[in-house]
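Have a look at the structure below before the remarks.
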Amino acid sequence: MSRTTPTRRADPGDRLAVAHAHLVSAVEALTQGEAWQHMLTVAARLPTYSATNILLIGIQCPDATHVAGIRAWNSLGRRVRKGEKGIAILAPCLSRVREGDERPAADSPLPVPRESSERPDAVPARRLRGFRVVHVFDASQTVGEPLPDVGPQLLAGDAPRLLTARLVDVIRSDGFTVELGPCTGTANGHTDFATRTVRVRDDVPDAQASKTLAHELGHIRGGHETRFLAEYRTSLGCRAQAEVEAESIAYLVTHAAGLPTEAYSVPYLAGWSGGDTDRVREAATRVIDTARGILTDLGLDRSHPPAPAPVTHRLVDPAALPEVEPPAPQPP
C-alpha cells in the first residue's frame, strides 16, 4: 500500500509574491496596449495651465475636466459645438529681445535676455510684454472622437465582511484618527501625518472605502512620514514612489482579503509609475513585507483568504467605534 505524501501548504509570503508578480504583469500589459498609448498621445496635446488660469477655469466652468483651444480639439478629431461659450483665460504675450534693449533689473520676474556674445546658435530670449484674453473649451462642449479612458475605476458594492472595520481599528491602533468627508480634488483619501488623521471620502461604496483605507495604511506602514515627508510635495519622483508603494500594499492586502481591486489599482499604478514597471517591481520586497505585517494585524489567515461576503455596515464614524488604547512605550 503506497503512502500519500501530504501536500505542503504554500508559504503566505510566496502567495503575496505571486500576487505582486501578477500585479506587475497587469500594469505592464496595460501600458503596452493601444489604449494607453492613445491616452498618452491625447494627454500630450492637451495643455497644462497656470494656477491663475486654473482658478479662472474653475470659476467659469466648475465641472471642467479637459480644457483646450479649438485647434487642439480639432487635432484630436473633435469639434466645438455651435453656440458654446468659451472659457476666458490669460495667455502671455512674448516678444523677442533685440540687441540694445534695456536689460531688466536683477530682481525683475521677467526673463533676462542673452548678450550678443553668447553662442551664435542660442535661441533668442523672449520677454513678457503682458497678457491677452483667449478662449478655451471643455471636453463637454465638444463632439467627435471619444477621449480614451484608461484611468482607475471606482470599486462598487460591499467589502468582505468586517474588512472595513478592521482596517479602521488597525489605523487607530497606529495612533491615527479616521474621519469621513470631502477630499481635495479627485482624491478618495488622504493621510495627514502632522495631525495624525486619515480621511476617506464619505460618498464612495464600501469596497472603495476599504481599498482607500488600505492605501492610506500603506503610506503609514511604508514609513512615508520619515522617508518622503520633506520631499513629498516638491519632488514628483518621491511622490510617485510613495503612491506606487501604497497602492501595491493596498492591492496585496485587499487581494488576500478577497476583494478584487484590479480595475482601480492597475491603472493607478500605471499612471504613477509613468508606465515604468521597474518602479513597481523594485518595490516588491518592501511592499510584500509591509502587506504581510498588515494582514497579521488584521487577523486574516493569509493562506486561505476569506471569500467576499455581503455586509450591512459601511465605513462608520470613528466616534462610534470603541476606543483603542495606544501601545505602551517601549524602552530604547
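Both backbone and side-chain heavy atoms feed into the values below; hydrogens, waters and symmetry mates do not.
- In this model, a donor atom of one side chain and an acceptor atom of the other lie less than 3.5 Å apart for D206 and T164.
- Ionic pairing of E145 and R78 is not present here: no N-O contact between side-chain nitrogen and carboxylate oxygen is shorter than 4.0 angstrom.
- Note that the CD1 atom of I171 and the CZ atom of R166 stand 14.5 Å from one another [nearest 0.5 Å].
- Side-chain contact check for L155 versus T254: every heavy-atom pair is 4.5 Å or farther apart.
- Rounded to the nearest 0.5 Å, atoms CD (E216) and CG (D192) are 11.0 Å apart.
- Judged purely by distance below 3.5 Å, without hydrogens or angles, the side chains of H215 and E243 pair a donor atom with an acceptor atom.
- Summarising the geometry, atom NE2 belonging to H22 is positioned 11.0 Å from atom CG belonging to L252; distances are rounded to the nearest 0.5 Å.
- Atom-to-atom distance recorded for R201:CZ and T212:OG1 is 8.5 Å, nearest 0.5 angstrom.
- If you take CZ on R279 and CD on E245, they are separated by 9.5 Å, rounding to the nearest 0.5 Å.
- You'll find the side chain of Q153 stays beyond 4.5 Å of the side chain of P267, heavy atoms only.
- In this structure the side chain of V280 reaches within 4.5 angstrom of the side chain of H20, judged on heavy atoms.
- A distance of 10.0 Å separates CD1 in I54 from OH in Y49, rounded to the nearest 0.5 Å.
- In this structure the side chain of V198 never reaches within 4.5 angstrom of the side chain of H219, judged on heavy atoms.
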